Engineer: 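Would you mind keeping the following structure in view while I ask a few things?
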Amino acid sequence: MPSEGVDRIEAIKPAMFHTTGIDGVYLRTELFEQVTTALNDLITAHREPGTETLRFPPVMSRKTLETTGYAQNFPHMLGGVCCVDGSHAQAGAGQEFDWAAHASTSDLVLTPAACYPVYPLAASRGAVPAAGLTFDVASDCFRREPSKRLDRLQTFRMREYVCIGTGAQVLAFRERWQARGGELAKQLGLSFRFESASDPFFGRMGQLLAQAQVEQGLKYELLVPVYSQDQPTACMSFNYHMDHFGVTWRLTDSAGAPAHTGCAAFGLDRLALALFATHGVKLAMWPQGVRAALGV
Ligand code: ATP
Ligand code: ZN
Ligand code: MG
């Protein structure tokens with residue numbers, strides 16, 4: 001990593017974040033929030049008709065995430081919620097209660113991606129209609145990947161459009177959103193390229209899964225040179241899960257076959273960082289077209 005990129009981003013850091021002493025966890029400034037709010041609105045403006053909007057909390061059912069296979073595939077990223085059993089919650093006189101010593105894993109985990117809760121919800125409603133289903137979802141997400149780099153946070157916000165239907169419907173959806181994602185990046189004045197990518201599956205078996213994912217073209221990322229040209233940052237991803245969630249949740253299409261699913265994911269914090277890294281931290285100096293697109 002050329003230090004020029006690191007120095008350049010460090011110089012604009014105070015305009016975006018206050019530090020907490022923990023890598024990858026930041027307090028966001030008003031300026032940063034103004035831009036992520038505007039990004040959210042711009043993404044909303046491109047929402048397809050017939051899309052159902054849902055907003056998720058930052059925690060989700062542990063069982064749901066385990067059923068999805070996340071704990072097998074990404075154990076190194078997963079964060080759970082530990083709680084103290086109420087009956088043990090007592091401090092000795094004059095002593096501070098050592099809560100951590102009495103805490104244990106609960107039925108909650110931190111949501112690692114915005115779309116996970118939507119598949120069991122859709123499955124609970126019965127077979128997917130012939131036209132397919134589309135959702136607009138968002139969540140604060142957690143991934144245990146602390147880093148000094150501001151494009152890799154432990155807690156960040158993800159906005160997604162999700163499609164559930166036949167393989168052909170999902171692939172068409174993904175193609176539309178990949179094209180729109182490119183248009184959005186252009187409107188935002190960001191330089192970018194698309195690349196076939198994989199998820200960071202854990203372990204040696206995981207390497208095979210990741211390789212298969214690339215070979216089958218299941219994940220494409222929109223990469224923006226935030227820190228450097230040779231290590232660009234994935235700001236959006238366009239994913240085809242085939243029938244993984246359909247089989248997992250017995251989610252069927254109108255013909256009774258396991259439904260296929262896909263999603264277009266926007267990392268709001270990464271997109272905002274990419275904007276500040278590209279155009280600077282003075283909104284008044286941003287290109288007119290970018291300001292107009294965002295309404296800032
Ligand atoms: P990377 O390859 O950089 O780790 P990813 O493949 O893990 O990214 P996805 O799982 O596709 O990313 O998540 C969707 C979007 O969420 C990403 O395109 C990115 O914008 C955002 N995102 C993912 N991980 C982080 C993170 N640690 N910090 C900030 N944003 C993130
Ligand atoms: Zn998703
Ligand atoms: Mg990742």
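Numbering of ligands and ligand atoms starts at 1, following listing order. In this text, all values refer to a predicted model and were calculated from it rather than measured experimentally.
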Engineer: So, the side chain of T20 versus the backbone of I22: is there a donor-acceptor pair under 3.5 Å, distance only?
Structural biologist: yes
Engineer: Heavy atoms only: which of K219, R270, M236 lies closest to atom 9 (P) of ligand 1?
Structural biologist: K219
Engineer: Among F156, F74, F142, whose heavy atom sits nearest atom 29 (C) of ligand 1?
Structural biologist: F156
Engineer: Distance under 4.0 Å to a non-hydrogen atom of A234: what atoms of ligand 1 satisfy this?
Structural biologist: 17 (C), 18 (O), 19 (C), 20 (O)
Engineer: State whether E66 and K63 are salt-bridged, where the test is any N-O pair (Lys NZ or Arg NE/NH1/NH2 against Asp/Glu carboxylate O) under 4.0 Å.
Structural biologist: no
Engineer: For atom 4 (O) of ligand 1, find the nearest protein heavy atom and state the residue, atom name and distance (0.1 Å precision).
Structural biologist: R152 NH1, 2.9 Å
Engineer: Would you please indicate if the ring centroids of Y220 and W177 are separated by under 6.0 Å?
Structural biologist: no
Engineer: How about H241: does one of its N, O or S atoms come closer than 2.8 Å to the Zn ion (ligand 2)?
Structural biologist: no
Engineer: May I ask you to say whether D136 pairs ionically with R159, meaning some side-chain N is under 4.0 Å from a carboxylate O?
Structural biologist: yes
Engineer: Are E195 and R193 ion-paired here, with the side-chain N under 4.0 Å from a carboxylate O?
Structural biologist: yes
Engineer: In terms of residue, atom name and distance, what is the protein heavy atom nearest to atom 21 (C) of ligand 1?
Structural biologist: G267 CA, 3.8 Å
Engineer: Within rounding of 10°, what is the angle whose vertex is the Zn ion (ligand 2) and whose arms end at SG of C115 and SG of C263?
Structural biologist: 130°
Engineer: Hey, is D151 touching ligand 1 through its side chain, its backbone, both or neither, going by heavy atoms under 4.0 Å?
Structural biologist: backbone
Engineer: If we only count N/O pairs under 3.5 Å, is M158 in contact with ligand 1?
Structural biologist: no
Engineer: Which of the numbered atoms in ligand 1 are under 4.0 angstrom from any heavy atom belonging to L153?
Structural biologist: 26 (C), 27 (N), 28 (N), 29 (C)
Engineer: Side chain, backbone, both or neither: which part of C235 comes within less than 4.0 Å of ligand 1 when only heavy atoms are counted?
Structural biologist: backbone
Engineer: Quick check: of its N, O or S atoms, which one does E160 have closest to the Zn ion (ligand 2)?
Structural biologist: OE1
Engineer: Do F142 and V109 land in one hydrophobic cluster if side-chain heavy atoms of ILVMFWY residues count as linked below 4.5 Å?
Structural biologist: no
Engineer: Could you tell me the residue and atom name of the protein heavy atom closest to atom 12 (O) of ligand 1, and the distance to it rounded to 0.1 Å?
Structural biologist: R143 NH1, 3.8 Å
Engineer: N239 to ligand 1: N or O pair under 3.5 Å?
Structural biologist: no
Engineer: Are E48 and R180 within salt-bridge range, i.e. N to O under 4.0 Å?
Structural biologist: yes
Engineer: Before we go on, tell me: are the rings of F97 and H102 under 6.0 Å apart, centre to centre?
Structural biologist: yes
Engineer: Find out if a path of hydrophobic residues (ILVMFWY) with successive side-chain heavy-atom gaps under 4.5 Å connects F173 to I164.
Structural biologist: no
Engineer: So which protein heavy atom does atom 6 (O) of ligand 1 come closest to, and at what separation?
Structural biologist: E221 OE2, 3.0 Å
